[in-house]
Amino acid sequence: MEGRVAAHRQLPTPAPTLGRPSPSFRLRTESLNTLRLRRVFDLFDHNGDGEITVAEIALALDRLGLAADPAELSSAVAVYIPPGRAGLAFDDFEALHRALGDALFGAPYAAGEEEEAAEEVVEEDMREAFRVFDEDGDGFISAAELQAVLSKLGLPEGRSIARVREMICSVDKNSDGQVDFGEFKHMMQGITVWGA
């Protein structure tokens with residue numbers, strides 16, 4: 001796999017319509033990066049077969065409002081799909097993500113630098129993730145906001161406001177019916193992803 005990654009590091013420059021890439025594209029703490037990447041992989045793997053096809057990536061991007069040219073997407077992803085496979089396994093997806101990160105942001109941080117900034121970076125990344133859900137910017141995630149994001153991602157939980165309210169209640173320590181940043185952070189720190 002390393003040979004494949006090294007041979008295909010020259011990725012096309014992102015389209016100007018996408019704007020500047022998010023600084024959290026590659027989190028500087030490896031465990032959070034793997035956790036987040038596994039969650040993205042699982043979301044994109046629409047049929048749950050352990051592989052992400054180009055069609056599944058296109059569907060996920062489209063649902064997020066990030067339409068991609070099918071030919072460009074296919075050519076960028078195809079080099080990471082091993083011969084005889086229909087799509088990317090998690091390791092292949094991780095290699096694609098790493099190559100895109102290197103192309104967009106340069107080489108990752110050195111180990112010493114990574115440790116020094118880890119806590120600050122984790123906090124910054126969590127705040128950015130919180131803002132994705134806090135659509136109105138009021139500092140809280142309401143059931144309606146959570147449902148909207150889950151629906152955009154095509155997750156079945158997004159179809160039922162009752163299920164969304166249950167999700168909110170499970171992390172709502174002060175029982176105000178919404179999730180503040182402290183509650184969100186506590187929830188995220190307690191998440192374990194099996195197989196990551």
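Worth knowing before you read on, the calculation uses all heavy atoms, side chains too, and leaves out hydrogens, waters and symmetry mates.
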So, does [X] use its side chain to make a donor-acceptor pair with the main chain of [Y] at under 3.5 Å?
{"X": "D91", "Y": "A95", "result": "no"}
{"X": "D42", "Y": "R39", "result": "no"}
{"X": "D172", "Y": "G177", "result": "yes"}
{"X": "Q147", "Y": "G158", "result": "yes"}
{"X": "E145", "Y": "D136", "result": "yes"}
{"X": "S160", "Y": "E157", "result": "no"}

[X] versus [Y]: any side-chain heavy-atom pair under 4.5 Å?
{"X": "E183", "Y": "I141", "result": "no"}
{"X": "H97", "Y": "V40", "result": "no"}
{"X": "F130", "Y": "K185", "result": "no"}
{"X": "L150", "Y": "R163", "result": "no"}
{"X": "V179", "Y": "L146", "result": "no"}

Mind checking the [atom1]-[atom2] spacing from [X] to [Y]? Nearest 0.5 Å is all I need.
{"X": "R85", "Y": "E51", "atom1": "CZ", "atom2": "CD", "answer": "4.0 Å"}
{"X": "I52", "Y": "Y80", "atom1": "CD1", "atom2": "OH", "answer": "14.5 Å"}
{"X": "F44", "Y": "R63", "atom1": "CZ", "atom2": "CZ", "answer": "10.5 Å"}
{"X": "C169", "Y": "Q178", "atom1": "SG", "atom2": "CD", "answer": "11.5 Å"}
{"X": "E56", "Y": "N47", "atom1": "CD", "atom2": "CG", "answer": "4.5 Å"}
{"X": "H46", "Y": "T53", "atom1": "NE2", "atom2": "OG1", "answer": "10.0 Å"}

*With sequence neighbours excluded, tell me which residues meet side-chain hydrogen bond (donor to acceptor under 3.5 Å, both in side chains) with E135.*
K152
*Quick one: side-chain hydrogen bond (donor to acceptor under 3.5 Å, both in side chains) partners of R159, sequence neighbours excluded?*
none
*asked:* In terms of relative ring orientation, are F133 and F184 parallel, tilted or perpendicular, with 30° and 60° separating the classes?
replied: tilted
Tell me whether [X] shares a hydrophobic cluster with [Y], the cluster being built from Ile, Leu, Val, Met, Phe, Trp, Tyr side chains joined at under 4.5 Å.
{"X": "M167", "Y": "V149", "value": "yes"}
{"X": "I81", "Y": "L61", "value": "yes"}
{"X": "F41", "Y": "L73", "value": "yes"}

*Please report the closest heavy-atom contact between G87 and P82, naming both atoms and the distance.*
O-CD, 4.2 Å
*For the residue pair D45 and G50, what are the closest heavy atoms and their distance?*
OD2-N, 2.7 Å
